[in-house]
Amino acid sequence: MSKIKTPHVLTRHAPGEKPKDLKKTLKRLVGYVLERKFHFVLLLLIVCIVGSAELAILGLQKPLINGCILPLMKQNHPDLTQFYHYIYCMIGLMLLGTILAWIQAKIRIQIVNRVFEKIRNEMFAKFERLPIIFFDKHQYGEIMSLFTNDVDTLLALHLFPRFCMAILTIVIIFTSMIVLSPVLTVFVSVVLCLIFLIIKLIMKQSRRFYQQQQESIGHVNGYIEEIISGAKVVKVFCREPAVEKEFDQKVDTLFKDASSAITCSTVLMPCVGNLSYFLIILTGIVGGFLLSIGKMDFGSLAVFIQFTRLLTRPIAELSTQCNEMLSALAGSERIFKFLDETDEIDNGYVRLVNVENDKSGNIVETEKLTNQWAWKHPHHDGTTTYTKLSGNVVFENVNFGYIPEKQVLFDFNLEAQAGTKVAFVGSTGAGKTTITNLINKFYLLHSGKIRYDGININKIKQADLRKSMAMVLQDTHLFTGSVMNNIKYGNLNATDDDVIHVAKMACADDFIQKLPKGYDTVLTADGGNLSQGQRQLLSIARAMLANPPVLILDEATSCVDTRTEALIEKAMNNLMKGRTVFVIAHRLSTVRNADKIVVIEQGKIIETGNHDELMALKNKYYDLYTGAYELS
């Protein structure tokens with residue numbers, strides 16, 4: 001079954017997006033924060049002290065004005081001792097708040113970064129444990145978005161102390177305002193409700209424009225990625241003017257959406273500022289009336305106006321912070337859903353161990369590296385047997401489908417004896433690659449068994465099973481690093497001489513020596529500075545270095561020219577001696593020397609034999625080989 005790679009396009013999420021289960025997500029996220037409980041409690045305590053200190057400075061203004069400044073204004077030779085006492089208290093509170101705010105920032109950064117670190121580590125560890133079928137069902141961009149967009153939304157956790165401080169500030173200010181003047185507090189509350197109704201309407205409009213802007217950014221970025229990946233096609237068909245015109249249209253749409261979003265968001269802050277000044281003016285007018293009828297003193301009015309000015313700031317912050325924190329919780333919910341995905345099932349208990357022969361010729365386990373391997377098979381009766389690793393693979397009545405509605409293999413029976421080369425031939429979608437995927441336990445069988453050296457592969461630990469095999473895929477993948485390290489990926493214990501030896505066997509040494517730094521040349525962008533054929537040669541060398549008893553070659557020579565293919569075939573023949581090899585190839589010339597050629601159609605074996613036997617039958621393989629029927 002062939003699989004189509006989806007484009008690497010990141011999923012974008014709307015601002016203010018809400019989680020589906022707010023309570024559950026919040027509880028789980030708080031669990032990460034509370035792993036550093038002492039620091040978290042200390043942080044909340046400091047937030048409370050800083051908020052209280054800031055408001056205490058304002059609270060001192062009433063006695064300063066009523067009990068100090070106003071009386072001093074009536075004296076010819078005022079005594080400023082009490083005045084300085086208030087000033088010193090305010091300066092002390094200000095310094096205390098500044099120092100504690102610095103400490104709070106340090107603690108906050110430490111807590112949030114630790115949460116980031118743990119979640120990222122858990123996500124990557126989960127990524128490693130997921131079954132292949134998960135990646136078949138999810139786009140690459142969707143998975144990447146979890147590690148980028150959704151993790152980035154967790155930056156809103158930095159806002160949590162400010163969020164707590166804003167709530168604390170609002171509570172203290174309202175309480176203080178009620179104490180100073182209940183009547184004026186009711187008036188301010190009514191006007192505030194009207195003001196924030198207006199702000200809510202502006203924010204709603206701003207969110208709509210912002211969403212349109214994000215969609216336009218997505219279209220522009222997606223178009224750029226598409227054109228870059230297809231640059232050769234664009235040039236071949238001279239489509240540059242048309243592409244440029246279409247891009248201009250998309251950028252023009254982005255310009256209009258971005259202008260609307262920026263205009264709306266830019267208007268918001270001046271609007272909030274002007275409305276807050278309007279509120280202060282109204283408060284001063286009503287307060288002046290209460291002052292004139294003796295219902296309020298001058299100091300209380302001055303402090304009340306200060307409280308009114310401060311009140312709009314935390315309320316506006318809460319509006320913004322709520323949206324950002326909701327987006328963070330929505331991102332957290334997707335992350336937790338990813339972390340809750342089912343791990344790859346591994347119930348195996350048969351291990352692959354290093355062995356040697358004792359004086360009696362029996363296989364015994366050893367800790368030293370002998371390059372002799374055996375399956376360590378513990379049994380229910382307490383005994384343990386050792387089966388020498390040889391590479392015999394048997395399919396027994398195997399049935400399988402990637403989805404329940406569509407079966408790929410039907411009652412599949414096949415034996416690949418140790419040291420033989422088995423080639424699979426058939427049309428695209430016939431089930432050839434599926435067979436090799438099942439040997440590796442990338443997918444679980446619906447029914448039937450696969451035996452490896454006589455042992456059901458379900459009993460073998462996945463890591464040990466895969467360690468005994470090497471695969472060379474049609475789509476090669478090279479990692480950022482030197483050529484030497486990329487080949488060593490197949491065997492980290494190999495020496496540099498071992499690497500050079502297998503590179504020569506894979507016909508890769510010649511072109512490696514011509515690279516700027518030879519084997520120390522650093523490869524980037526999945527080996528983008530190499531040709532496709534050269535990348536394939538390195539992949540083959542990597543598999544050779546692993547030196548496994550079983551080799552799986554899925555169109556391993558599809559990207560090399562005929563001359564190089566012939567050289568690789570010669571090297572492969574030397575490497576394959578004593579090993580079981582499964583070959584999938586559309587070029588039938590590459591399977592002529594196979595010990596067994598299996599012709600598959602619609603998940604069933606229709607012919608089996610070597611090249612001469614199948615040619616003599618003059619059936620499907622004969623038609624394929626002579627060109628009477630072409631592989632599709």
(request) Answer whether the closest heavy-atom distance between the side chains of Cys238 and Glu240 falls below 4.5 Å. (result) yes
Partner residues of [X] under the salt bridge (Lys or Arg N to Asp or Glu O under 4.0 Å) criterion, sequence neighbours left out:
X	result
Lys256	Asp252
Arg129	Asp343
Glu344	Arg466
Arg108	none

(message) Ring-plane angle category for Tyr88 and Tyr84, please: parallel below 30°, perpendicular beyond 60°, tilted otherwise.
(response) parallel
Rounded to the nearest 0.5 Å, what's the gap from [atom1] on [X] to [atom2] on [Y]? Could you check?
X	Y	atom1	atom2	value
Gln104	Ile49	CD	CD1	11.0 Å
Arg334	Leu329	CZ	CG	11.0 Å
Leu339	Phe127	CG	CZ	13.5 Å

(message) Can you confirm whether Phe255 is buried at CZ, in the sense that more than 12 heavy atoms of other residues, nucleotides or ligands lie under 6.0 Å from that atom?
(response) no
(request) State whether the number of non-hydrogen atoms from other residues, nucleotides or ligands found under 6.0 Å of Leu45 atom CG is greater than 12. (result) yes
(request) Show your reasoning for whether side chain to side chain contact (heavy atoms under 4.5 Å, CB included) applies to Leu301 and Gln306. (result) CA-CA 9 Å; Leu301 178 59; Gln306 290 281 3; over 6 Å; no
(message) Less than 3.5 Å apart, any donor N or O on the side chain of Tyr443 or Thr434 sitting next to an acceptor on the other?
(response) no
Taking only residues two or more places apart in sequence or in another chain, which ones pass ring pair (Phe, Tyr, Trp, His ring centres under 6.0 Å) with [X]?
X	value
Tyr32	Phe336
His85	none
Phe479	His477, Tyr489

Could you list the residues that satisfy side chain to side chain donor-acceptor pair (under 3.5 Å) with [X], not counting sequence neighbours?
X	value
Lys118	Glu35
Arg120	none
Gln212	none
Tyr223	Glu246

Would you list the atom pairs, donor with acceptor, under 3.5 Å between side chains in residues 180-197 and any protein atom, with sequence neighbours excluded?
from, atom 1, to, atom 2, distance (Å)
Ser181, OG, Leu184, N, 3.2
Thr185, OG1, Met177, O, 2.9
Thr185, OG1, Ile178, N, 3.4
Thr185, OG1, Ser181, O, 2.7
Ser189, OG, Thr185, O, 2.8

(message) Please evaluate residues Asn485 and Ser482 with respect to the criterion side-chain hydrogen bond (donor to acceptor under 3.5 Å, both in side chains), reporting the C-alpha separation (whole Å), side-chain torsions for both, the decisive distance (0.1 Å), and the verdict.
(response) CA-CA 5 Å; Asn485 288 337; Ser482 67; 3.3 Å; yes
